[in-house]
Amino acid sequence: MKSDFAISLSGAAVEIAPWLLGWILVRELDGETLIGRIVETEAYDQEDAASHSCRGETPRNSVMFGPSGRAYVYFTYGMHYCFNIVTGAEGYGCGVLVRAVEPLEGLEIMRRNRGRDDVSQLTNGPAKFCQAFGIDKNLSGHNLAEPPLKLELGGQIPNEQIVQTTRIGITKAVTQPWRFYVKGNPFVSKL
DNA sequence: GGAACGATTGAT
DNA sequence: TCAATCGTTCCT
């Protein structure tokens, strides 16, 4: 029996990505609570040359092929983690990369984790957000309906406040407009 | 076994 | 503009 939570994320990544804007991430870390609001996402699909899943299932990307509503966390550039929300049907590899959140609670912990004071530099990038929230590979495969990392429905962002554009940092499928962010939000990684 | 590359970041 | 830094994937 599937949970409502998983069902709500079982659609195509390209459809889920803009819908996830405004959702809340609650991280329990060493007895402290960190909260952020998703303000920037990117969709990655199995039929997408830029996606880790485009050449089929491998040990690294297997979580993307599992149930929706799980975390897919990967290590890149020898030093950074990036966090995705798995979407789509089981057996189909796709997900949504969270590129930026707006810090709501636990800012001092985020400052400590990031080693910086400037609020605007705490969570405005996929690896910055992971470092601020203490997210690493141990959380890959985690069910996001449960602590210590929970995804909760927040206030929906009106369509006219959602900007759709091309993705960042990729070299394949560069023209696909599968990046979404909240217009005017200061925590978006890049305009 | 070896090499090329990467959904990034921060400093120059 | 470029170095840091290493796991994953693919080729030999």
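All chains are named by letter (A, B, ...) in the order of the sequence lines, taking the proteins before the strands, and each is independently numbered beginning at 1.
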Determine the contact category for [X]: base if any of its heavy atoms lies under 4.0 Å from a base atom, sugar-phosphate if only primed atoms, P, OP1 or OP2 are that close, otherwise nothing.
X        : answer
A:Arg179 : nothing
A:Ala50  : base
A:Leu97  : base
A:Tyr77  : base
A:Arg167 : nothing
A:Lys137 : sugar-phosphate

For A:Arg55 and C:dC10, what is the distance between atoms CZ and C1' respectively, to the nearest whole Å?
9 Å

Could you check how far CG of A:Asp136 sits from P of C:dG7, rounded to whole Å?
14 Å

Report yes if the side chains of A:Phe187 and A:Val119 come closer than 4.5 Å at any heavy-atom pair, otherwise no.
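Of all side-chain heavy-atom pairs linking A:Val119 with A:Phe187, at least one is under 4.5 Å.
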
Report yes if the side chains of A:Arg60 and A:Tyr72 come closer than 4.5 Å at any heavy-atom pair, otherwise no.
yes

For DNA chain B, what string of dots and brackets results from 5' to 3' when Watson-Crick and G-U pairs need both distances under 3.5 Å, crossing pairs get [ ], and pairs with another strand get |?
||||||.||||.

If only atom types and distance count, is the side chain of [X] paired as donor or acceptor with the main-chain N or O of [Y] below 3.5 Å?
X        : Y        : value
A:Arg70  : A:Val63  : no
A:Glu28  : A:Pro148 : no
A:Arg167 : A:Ala43  : yes

Does either side chain, that of A:Glu102 or that of A:Asn185, offer a donor lying less than 3.5 Å from an acceptor on the other one?
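Present: a donor and an acceptor within the cut-off.
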
Please tell me whether A:Asn61 and A:Tyr74 have a donor and an acceptor in their side chains that are separated by less than 3.5 angstrom.
no

Result for 5'-nearest mapping on DNA chain C, choosing between A:Gly78 and A:Arg60, is A:Gly78

How many angstroms lie between atom OG1 of A:Thr165 and atom CD of A:Glu42, to the nearest 0.5 angstrom?
9.5 Å

Let me know, please, whether A:Asn84 or A:Arg116 comes out on the 5' side of the other along DNA chain B by nearest nucleotide.
A:Asn84

With a 4.0 Å cut-off (strictly under) to non-hydrogen atoms of chain A, the first and last hit nts on DNA chain B, 5' to 3', are B:dG6 to B:dA11

Of A:Lys183, A:Lys128, A:Lys190, A:Arg179, the residue whose pairing with A:Glu40 passes salt bridge (charged side-chain N to carboxylate O under 4.0 Å, His left out):
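Filter result, single survivor: A:Arg179.
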
